[in-house]
Each structure stands twice: as structure tokens, then as C-alpha cells.
There are 2 protein chains.
Amino acid sequence: MSNNEVFKALSDPTRREILRLLGLGEMSAGQLTEKFDMTKPSMSHHFAVLKDADLITSRREGQQIIYSLNTTVVQDMVAWMMDFFRHDPNRNNEP
Amino acid sequence: MSNNEVFKALSDPTRREILRLLGLGEMSAGQLTEKFDMTKPSMSHHFAVLKDADLITSRREGQQIIYSLNTTVVQDMVAWMMDFFRHDPNRNNEP
DNA sequence: TAGACTGTTAGGCAACTGTCTAATTATGTG
DNA sequence: CACATAATTAGACAGTTGCCTAACAGTCTA
């Protein structure tokens with residue numbers, strides 16, 4: 001995964017809310033769009049950004065596109081963050 | 001803390017690197033600036049963004065400004081992320 | 001107080017982002 | 001096939017971001 005793309009993806013509140021909703025279970029593009037006061041193309045753009053960052057996956061099911069959280073990448077991300085901020089400057093730099 | 005400001009602050013690679021360096025111990029603005037191929041005003045801007053997000057704190061020491069990681073907010077942030085992504089749709093929503 | 005040193009503020013500019021409308025693609029159904 | 005439904009792609013546009021140079025502000029020392 002590209003850390004930068006992941007952070008860029010997470011920098012928008014709409015996209016974080018999409019991720020939160022997908023954390024509760026997979027949803028179609030249409031169902032997700034209903035939850036926001038935004039046009040379908042705008043939402044579609046956000047889905048694309050999240051997909052590029054590998055934070056979500058998609059599959060077609062008939063006329064609908066079903067989106068799911070990519071839990072692997074999400075967990076990698078959390079692990080990366082914890083490691084990133086592991087050091088505690090108040091404990092005189094012991095590894 | 002405002003989640004949005006924190007995520008916006010984290011969305012830039014330069015700012016993440018500043019945080020990583022401060023994770024190793026506090027540094028002056030000048031010491032930090034040396035580590036990057038960027039002008040002082042640009043770096044100062046990044047410091048301001050990180051301060052607004054409450055990710056770092058600063059104090060004056062003579063002619064220098066010393067920056068430190070705000071470990072409280074950083075830890076809150078990690079905790080928030082873990083909670084945010086705690087749900088696993090592949091494990092049928094058991095708490 | 002003058003000058004050097006350290007850092008921030010102000011203003012400008014190109015590139016990027018998030019939103020919209022209009023058009024297009026893909027699938028399902030009478 | 002013709003039409004409806006679901007979603008994406010294309011293009012435009014305002015607002016934001018990140019960088020720069022120039023100017024300013026605070027601190028120290030002779």
C-alpha cells in the first residue's frame with residue numbers, strides 16, 4: 001500500500017464516513033449515496049479515491065456495485081500508525 | 001481535538017516526517033528545517049498546521065523555538081483509529 | 001543601539017481537490 | 001429492441017494547498 005494515498009484518502013470527512021459505514025457491513029454504491037447529501041458522481045469519485053488507496057474493494061452484483069472495507073489494509077494502516085508513534089520522547093530515547 | 005484538522009495535518013508527507021523526527025525527541029525549528037530541502041517559511045507553515053491540529057507544542061528558548069510531539073493527542077488519535085476500524089464485517093458483527 | 005541570528009507573516013502563484021451538470025456505460029426487463 | 005435503473009466518466013469551476021520571495025519580529029551580544 002502507498003501510505004501517502006491512504007492518508008490522502010483519509011483526509012476527507014466524507015470518505016471517513018464512508019469507511020465507517022462500510023465497517024458495519026458491505027453496501028451498494030446507491031445505498032451509500034443515500035446517506036449523504038451529495039450527487040452520485042461526487043460519491044463515485046470518493047469511492048474511486050478509496051479504491052485507489054486500497055481501503056475498499058468492489059464487486060458487481062447485477063446492476064449494483066457492492067463496496068466492502070478492505071480490512072487487511074485498514075489493519076496494516078493502524079499497525080503502521082502505532083509503530084510510527086511508538087517512540088516516547090519523555091522516556092529518553094531507549095529503543 | 002478536531003479529527004478533521006488532525007487528518008488534514010497528517011495528509012502531507014513532510015508533516016508526517018516532522019512528526020516522526022519529533023517522535024525521536026524535541027528539536028528546534030532550525031534543526032528540523034535542516035532535515036528538509038525546503039525554505040524556512042515553508043517549514044514554518046507546516047509547523048503552524050501541526051500546532052493547529054494540536055499534534056505538536058512549542059516553546060521559546062532564547063532565540064530558538066523548540067517543538068515537541070504532543071504525545072497525548074497522538075495517542076488519542078491512534079486509539080480513535082483503532083476504534084474506528086474495530087468492526088470486522090467478515091466476522092458477522094460480534095462485539 | 002546596531003548587527004547578527006532565528007523564526008514567522010504577508011502576498012502571490014501553479015497545482016490539486018471536491019463539487020456540480022451532462023453524457024456515457026452496463027445491466028435487467030417488458 | 002426500447003426503456004428504465006445503477007453507476008461511472010468527462011469536463012468545468014471555485015476553493016484550498018504547498019511552495020516561493022520579500023518583509024517583519026523577537027532575542028542576543030558587542
Side-chain angles (χ1 to χ4, degrees), chain A residues 1-22 24-70 77 89, chain B residues 1-22 25-70 77:
Chain A
M1 82 175 183
S2 149
N3 267 329
N4 200 42
E5 283 183 43
V6 172
F7 276 109
K8 283 277 179 69
L10 290 175
S11 73
D12 183 83
T14 300
R15 289 195 287 267
R16 290 198 300 276
E17 179 65 6
I18 292 170
L19 290 177
R20 193 187 66 78
L21 289 169
L22 290 179
L24 306 172
E26 54 186 27
M27 299 176 70
S28 72
Q31 287 176 309
L32 280 167
T33 299
E34 279 174 14
K35 308 269 189 181
F36 296 82
D37 185 21
M38 203 173 284
T39 62
K40 286 197 287 183
S42 297
M43 290 298 292
S44 194
H45 161 71
H46 287 306
F47 300 150
V49 173
L50 290 168
K51 262 187 77 172
D52 278 0
D54 232 24
L55 284 163
I56 63 175
T57 59
S58 69
R59 65 173 193 279
R60 180 173 283 277
E61 212 160 84
Q63 284 167 282
Q64 320 196 79
I65 307 286
I66 310 293
Y67 285 105
S68 324
L69 203 61
N70 183 348
M77 172 67 189
Chain B
M1 84 175 178
S2 150
N3 267 329
N4 199 43
E5 282 183 45
V6 171
F7 276 109
K8 283 277 180 68
L10 291 175
S11 72
D12 183 84
T14 299
R15 288 193 290 266
R16 291 199 299 277
E17 180 65 6
I18 292 170
L19 290 176
R20 192 186 67 78
L21 290 170
L22 290 180
E26 55 184 29
M27 298 176 69
S28 73
Q31 287 176 309
L32 280 167
T33 299
E34 280 174 15
K35 308 270 189 179
F36 297 82
D37 185 19
M38 201 172 289
T39 62
K40 285 196 286 182
S42 298
M43 290 299 291
S44 192
H45 160 71
H46 287 306
F47 301 151
V49 172
L50 289 168
K51 261 187 79 171
D52 279 358
D54 231 23
L55 283 164
I56 64 175
T57 59
S58 70
R59 67 172 194 280
R60 179 175 283 277
E61 212 161 83
Q63 286 167 283
Q64 320 196 77
I65 306 286
I66 310 294
Y67 285 105
S68 325
L69 204 59
N70 182 347
M77 172 68 187

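Order of the sequence lines sets the chain letters (A, B, ...), proteins ahead of strands, with each chain counted from 1.
Checking D:dA6, C:dT19, D:dC20 against every side-chain atom of A:H45, the shortest atom distance belongs to C:dT19. Of the listed nucleotides (C:dT27, C:dG7, C:dT19), C:dT27 has the atom at the smallest distance from the side chain of A:R60. Counting only heavy atoms from C-beta on, A:D12 has its side chain closest to C:dG18 among D:dT8, C:dG18, D:dC20. Considering only the side chain of A:T39, C:dC20 comes nearest among C:dC20, C:dG7, D:dA7. Considering only side-chain atoms of B:F47, the nucleotide from C:dT8, D:dT8, D:dC19 that sits closest is C:dT8.
Counting to the nearest Å, the P atom of C:dA26 and the CD1 atom of A:I65 are 11 Å from each other. Per the geometry, CD belonging to B:E34 stands 13 Å off C1' belonging to C:dC5, to the nearest Å. When rounded to the nearest whole Å, the span between CG of B:L10 and P of D:dT17 equals 14 Å. For the pair B:L32 CG and C:dT6 C1', the computed distance is 13 Å after rounding to whole Å. Atom OH of B:Y67 is separated from atom C1' of C:dT8 by 8 Å (rounded to the nearest Å). Separating the CD atom of A:Q64 from the P atom of D:dA4 is a distance of 19 Å, rounded to the nearest angstrom. Taking atom CZ on B:F7 and atom P on D:dT16, their separation rounds to 21 Å, with Å as the unit.
Contact between B:I65 and B:S58 at its shortest, heavy atoms only, is CG2-CB, 3.9 Å.
Between the side chain of B:Q63 and the base of C:dT6, no donor-acceptor pair of N or O atoms lies under 3.5 Å.
Residue A:E26 is tested with A:I66, A:T57, A:L32 for a side chain to side chain contact (heavy atoms under 4.5 Å, CB included); the sole match is A:I66.
At the heavy-atom level, A:M38 lies under 4.0 Å from the strands shown only through sugar-phosphate atoms. Among the heavy atoms of the strands, none lies under 4.0 Å from A:T33.
Here B:S44 does not reach the OP1 or OP2 of C:dT9: none of its side-chain N or O atoms lies under 4.0 Å away. The side chain of A:S42 contributes no N or O atom lying less than 4.0 Å from OP1 or OP2 of C:dG18. Dashed line: the shortest gap from a side-chain N or O of A:H46 to OP1 or OP2 of C:dT19 is under 4.0 Å.
Looking only at distances, no side-chain donor or acceptor of B:R15 sits under 3.5 Å from a matching main-chain atom of B:L10.
Proximity of A:S42 to A:H45: side-chain heavy atoms (C-beta onward) are nowhere separated by under 4.5 Å.
One distance of note links CD1 of B:I18 with CZ of B:F47; it measures 5.0 Å at 0.5 Å rounding.
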